[in-house]
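Written below as structure tokens is the structure these notes are about.
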Amino acid sequence: MMALHQEHTVAEPAGGLMPSGPDYHDQVVSRRRKGRAWATVFQAAVLVGIIALCALLLNILNQSFGYVAIVNNIDPAELTVDDVPLNRLPKEKLVEILEANISAGLMRRYEHDRPFAERSRENVHALILERVVEPKVQATWGLFDSIFARGSVFAEAEERFPGSDVNFRSWLTTSFISNSQSSEPLRAGVRTAILGSLWVVAITILFSFPIGVGAAIYLEEYARKERLLNRLIQTNINNLAGVPSIIYGMLGLAIFVRILEGFTSGAFLGIGDQSTANGRTIISAGMTLGLLILPLIIINGQEAIRAVPSSLRQAGFGLGATHWQVIWHHVLPSAMPGVLTGTILAVSRAIGETAPLVVVGASTFIALDPSGPFSKFTVLPIQIYQWTSRPQDEFRNLAAAAILVLLILLLSLNASAVLLRNRFDRSQAGA
Amino acid sequence: MTVAIERPSQAQSEASRTSSSPSGTGRYAIEADKMSVHYGNFCAVRDVDMKVPTNKITAIIGPSGCGKSTVLRCFNRMNDLISSARVEGEVLFQGQNIYDDEVDPVEVRRRIGMVFQKPNPFPKTIFENVAWGTRINGFRGDMDEMVEKALQSAALWDEVKDKLQQSALGLSGGQQQRLCIARAIAVEPEIILMDEPASALDPIATLRIEDLMKELSVKYTIIVVTHNMQQAARTSDFTAFFSVDDKRTGNLIEFDDTEKIFTNPSQKSTEDYITGRFG
Amino acid sequence: MSRSAPLAQAAVSAETMRGPVAGGDRKGETALGGGPQMDLRRKPRVAETLIQGFLFLCGAISVLTTLGIVYVLGRESLLFFANEEVNLLKFFGGTEWQPAIGRFGIWPLVTATFMASMVAMVVALPIGLCIAIYLSEYAPRRTRNILKPILEVLAGIPTVVYGYFALTLMTPLLRGIFGRDLVEIYNTASAGIVIGILVIPLVSSMSEDALRAVPNTLRQASYGLGATRLETAVRIVLPAALSGVAAAFIVAISRAIGETMIVAIAAGAGPNFTFSPFRAAETMTGHIVRISGGDLSYDSIDYNSIFAIGLLLFLLTLSLNALSQWIVRRFREEYE
Ligand SMILES: Nc1ncnc2c1ncn2[C@@H]1O[C@H](COP(=O)(O)OP(=O)(O)OP(=O)(O)O)[C@@H](O)[C@H]1O
Ligand SMILES: [Mg+2]
């Protein structure tokens with residue numbers, strides 16, 4: 001090989017310096033072998049990525065379903081009346097059971113909260129489970145153990161928790177979605193967190209979509225690139241996209257929660273929770289995430305606007321339209337699918353963000369549904385974070401179920417993006 | 001049989017200024033006066049003096065890159081959209097310099113419409129394509145009637161009258177181009193600028209566009225850039241020939257009656273170009 | 001052929017027929033307004049100006065965001081360093097971070113951050129680069145179309161889920177491999193590996209873009225000399241795309257340093273000056289999250305301290321990102 005570089009005159013071919021014949025053949029074979037080995041390495045790297053993704057998802061599935069060992073304070077079987085099991089007793093009988101098993105004071109409090117006459121049978125039944133039966137999770141097993149090592153699960157439960165009920169349990173149930181937060185894992189749910197996420201994301205979109213698209217239009221349509229100010233804005237946006245999300249949380253904490261407390265706590269309207277009146281509210285969280293995804297929306301928006309053919313603009317201008325008319329009637333409709341896709345990607349990011357919201361001050365425990373932008377809040381990722389941080393296994397199961405909810409939410413969001421874009425494309429071409 | 005035409009060189013214009021043309025304000029639709037265009041530091045065309053007669057078809061011919069499109073865009077300030085472009089000199093439209101500070105380019109473009117090389121209908125319905133321009137300009141009449149008239153003027157009505165609500169992108173290239181012409185005349189311009197309007201079309205569609213241009217020239221002043229000598233000879237009343245100098249800057253070489261340009265040009269380079277001997 | 005006839009006609013039509021669309025006889029007056037003598041003067045377009053002003057403000061908000069970040073971090077950091085218990089020397093010299101007893105040495109947080117990031121890079125850079133080479137130089141088009149969305153899914157999963165993954169799968173795995181005595185329940189290695197998995201898609205997609213931007217003529221030249229596919233990919237294409245790949249690596253490092261939830265969940269909750277990746281240690285981001293998660297009173301030294309950490313974090317990631325952009329700009333046209 002080196003000889004090629006040195007000899008400029010065309011001497012006898014190769015002059016014996018280049019391998020040839022069988023030598024060369026062997027060399028090629030070994031080079032090829034090396035090539036194949038590395039090709040395998042490259043493919044293995046791809047495989048590692050796929051395995052990681054599968055492991056992550058399977059791990060969550062594994063933790064979301066499986067056997068649980070439950071010990072009851074009082075076995076429901078003991079609470080039967082005339083051999084009628086608890087869950088088929090009429091309401092009156094249930095009230096009697098409740099009265100017989102809890103203190104009079106507690107009974108009075110329930111009566112005071114809502115008279116038993118008004119309560120439904122299900123409600124009373126739930127009270128009995130909560131106060132009388134008092135099921136407690138002793139241990140949980142993963143899905144794979146529950147399927148492939150069923151025998152040892154039962155054996156272990158029998159040995160360690162004699163007298164416990166071992167049931168297969170799906171931690172992701174409809175009541176998990178409709179229940180509010182609770183310190184009792186069997187009754188805990190994510191309704192508050194889901195509503196919180198929806199509220200926060202709604203504020204985020206309201207805040208960042210108009211501003212983001214506006215900025216994208218400004219930069220692509222109006223800004224003269226040779227002006228220093230505009231170049232500054234562009235560079236700045238590119239850099240903001242790389243700032244760690246937790247920094248945005250600190251910005252939100254200092255600006256929205258603290259400096260703008262009068263606004264974000266709702267105090268200026270006289271609403272909001274006066275007892276804990278501070279700025280750690282949905283609107284602070286929404287605006288913080290809004291700032292966080294703004295660069296993404298702008299950059300995606302710019303790309304979409306840049307992709308609009310200039311012939312469309314010329315056609316508009318040629319008819320005597322003003323710049324804004326051309327943008328509003330032609331550029332934006334053509335760019336919209338791209339803009340929307342970019343926005344949905346950015347919003348997905350916002351829905352999954354945790355760190356900035358911890359810093360902004362999501363509530364650690366909140367069982368009350370958010371009532372508006374000035375309520376205290378928690379969101380799904382925060383809920384997951386808190387459950388994950390608890391040492392008990394059953395909270396890890398709850399976290400896994402909540403992760404499933406979060407992933408399903410993100411998946412449907414992305415699917416809707418695809419659908420929306422297809423729809424948009426068709427209506428653009430058709431009508 | 002000549003008409004008054006201003007030409008770049010004084011000597012030539014003396015010779016041919018035997019005027020039998022009608023006098024009055026309507027003589028010239030648009031006049032370029034010492035117009036030069038720069039893109040950044042590059043001078044694309046220099047010192048163009050050109051008086052375009054009203055209600056005629058004027059063809060602009062010349063080798064590629066000589067600034068034909070540039071000159072055309074100057075006539076309705078489309079060059080404003082190119083940030084590096086700078087126009088010097090004057091372009092008089094009805095006695096006003098359209099490059100005056102106080103002149104509104106939006107207004108100018110409504111009065112001086114443009115049809116582009118590649119058909120560029122909006123991705124909307126056929127109806128909307130024609131209606132949009134008039135609507136944004138504040139048209140308050142019967143929109144259906146207006147659209148029908150515009151489409152009829154563009155000789156497209158019969159072909160599309162049953163599918164006005166379908167997407168314009170479903171039309172053939174030739175139909176799309178006539179739709180673009182309909183769209184341009186719907187806003188009632190005085191002048192229609194056409195930049196190689198038929199170059200993306202097949203011969204049949206090209207002929208239809210040419211016929212259409214002739215019909216329209218009764219009411220509109222048409223300035224058309226073309227690479228097609230026959231087209232210029234067939235359709236235009238006047239022809240302007242542009243060429244480039246050694247710095248690739250475009251110049252107006254000759255502007256005269258089309259018949260004269262094609263049969264007895266006064267400039268050697270014009271003759272070379274027309275007979276295909278152009279370097 | 002005489003030209004006088006059309007001319008005469010033109011003279012007439014100039015007077016009467018200008019304007020109306022199709023043979024109208026509305027002498028000069030048209031539906032759109034504007035007769036023969038027209039007014040081309042600029043009309044004030046208030047709405048247009050307002051809209052443009054609004055759009056400019058939208059763009060300016062991004063600058064305000066940056067200014068806000070700098071102001072907030074700078075102000076609180078100044079307050080922090082104005083405190084008599086702290087000074088720059090102790091901050092950058094101390095190896096103990098114990099706010100309770102007034103020790104504010106940043107090193108335990110920094111070492112933990114760098115350890116987690118190092119582990120992450122050990123995982124992400126080779127794997128990401130191999131994936132990029134495979135996708136750009138080896139994979140048939142169809143395979144690529146399947147693989148890229150999968151990688152995108154990996155990139156789209158929220159980081160808190162990765163944190164869960166690190167704690168409930170990676171840590172038990174590590175403890176199973178290296179022994180429970182060696183590996184603590186919370187450790188930087190587990191967090192680092194998972195951060196690595198998280199940034200693999202970032203490395204691979206940015207590197208792949210760089211590799212694919214290398215002109216095909218270079219590949220053809222290499223094959224023409226009898227090089228194998230591997231030799232072409234590694235000796236010709238990769239060097240040509242080196243600046244882009246380097247930029248991807250640097251962005252990945254910056255991303256790993258700023259990653260928060262994985263370390264907050266899996267790396268440990270207490271500053272610890274250690275160089276063992278199997279011990280629990282708290283990173284800068286993890287510390288910020290833990291401190292601000294509690295009920296923090298404004299203007300306390302704790303409150304101010306997290307902004308000082310934040311400022312360091314911000315400057316670190318910003319300079320890394322700037323460096324990567326500079327590399328891309330500086331070396332872009334080398335192989336054009
Ligand atoms: N937007 C622009 N920026 C910079 N230079 C330009 C721009 N548009 C045109 N030019 C230059 O101006 C000169 C004239 O271009 P123009 O498009 O007017 O030529 P043309 O005669 O229309 O050519 P063609 O027959 O190929 O359409 C060319 O040298 C071209 O490179
Ligand atoms: Mg042209």
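In the text below, chain A, chain B and the rest are named by the order of the sequence lines, each starting its count at 1.
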Region of C:E259 in contact with chain A, defined by heavy-atom distances below 4.5 Å: neither
More than 12 heavy atoms of other groups within 6.0 Å of A:I259 CD1: yes
Which atoms of C:R290 approach chain A - backbone, side chain, both or neither, heavy atom under 4.5 Å: neither
Minimum side-chain heavy-atom gap C:I51-A:W328 below 4.5 Å: no
Greatest number of heavy atom pairs closer than 4.5 Å to chain A - which of C:I150, C:L73, C:T228, C:I288: C:I288
Any side-chain heavy-atom pair of A:N239 and C:T66 under 4.5 Å: no
Heavy-atom pair with the smallest gap, counting every atom of A:P244 and C:L313: CG-CG, 4.5 Å
Crowding at CZ, A:R32 (>12 non-hydrogen neighbours, <6.0 Å): no
C:M261 side, atom CE; A:S245 side, atom OG - distance, nearest 0.5 Å: 9.0 Å
A:Q386 side, atom CD; C:I265 side, atom CD1 - distance, nearest 0.5 Å: 10.5 Å
Side chain proximity check, A:L410 to C:P158, heavy atoms < 4.5 angstrom: yes
Closest-packed option against chain A by number of heavy-atom pairs under 4.5 Å, given C:F56, C:Y138, C:Y162, C:Y71: C:F56
Greatest number of heavy atom pairs closer than 4.5 Å to chain C - which of A:A400, A:S348, A:G212: A:A400
From CG (A:N236) to CG (C:L67), nearest 0.5 Å: 7.5 Å
Other residues, nucleotides, ligands: >12 heavy atoms within 6.0 Å of A:R396 CZ: yes
Closest non-hydrogen atom pair, C:C58 against A:P210: SG-O, 4.3 Å
Closest approach of A:A399 to C:Y164 (non-hydrogen atoms, all atoms of both residues): CB-CE1, 3.7 Å
Side chain, backbone, both or neither of A:R280 within contact of chain C (heavy atoms, under 4.5 Å): side chain
Heavy-atom proximity to chain A below 4.5 Å, by part of C:E137: neither
Reported CD1-to-CD distance for the pair A:I217 and C:Q52, which is rounded to 0.5 angstrom: 11.5 Å
Residue pair C:F314 / A:L251, side-chain heavy-atom distance below 4.5 Å: no
For chain C, the option from A:G249, A:A402, A:A55 that forms the most heavy-atom pairs under 4.5 Å: A:A55
Atom pair CE/CG of C:M170 and A:N59 - distance to nearest 0.5 Å: 9.5 Å
Close side-chain approach of A:L253 to C:F307, heavy-atom, < 4.5 Å: yes
Winner by heavy-atom pair count (cut-off under 4.5 Å) against chain C, out of A:I233, A:L345, A:N238: A:I233
Sub-4.5 Å side-chain heavy-atom contact between A:L53 and C:I157: yes
Per-residue contact mode, A:L229 against chain C (heavy atom under 4.5 angstrom): side chain
Gap between atom CZ of C:R45 and atom NE2 of A:H323 - 0.5 Å precision: 13.0 Å
Non-hydrogen atoms of C:S254 and A:G242 that approach each other most closely: OG-O, 4.3 Å
Atom CH2 of A:W324: over 12 foreign heavy atoms under 6.0 Å: yes
Heavy-atom proximity to chain C below 4.5 Å, by part of A:L294: side chain
Residue A:Y222 versus chain C: region with a heavy atom under 4.5 Å: side chain
Residue selection (most heavy-atom pairs with chain C, distance under 4.5 Å) from A:I50, A:L56, A:V359: A:L56
Option from C:I69, C:L318, C:V63, C:N321 for which side-chain contact (heavy atoms from CB on, under 4.5 Å) with A:L240 holds: C:I69
Atom group of C:T317 that falls short of 4.5 Å from chain A, counting heavy atoms: side chain
Leading residue by heavy atom contact count with chain A [cutoff under 4.5 Å; candidates C:I197, C:I200, C:I133]: C:I133
Contacting region of C:I306 [heavy-atom separation from chain A under 4.5 Å]: both
Min side-chain heavy-atom separation C:L230-A:F42 under 4.5 Å: yes
Test item: C:T168 and A:I60 side chains (from C-beta on) under 4.5 Å apart, heavy atoms: no
Contact class of A:I327 relative to chain C, heavy atoms under 4.5 angstrom: neither
Which atom of C:V289 lies closest to which atom of A:A355, heavy atoms considered: CG2-CB, 4.2 Å
Atom group of A:V358 that falls short of 4.5 Å from chain C, counting heavy atoms: both
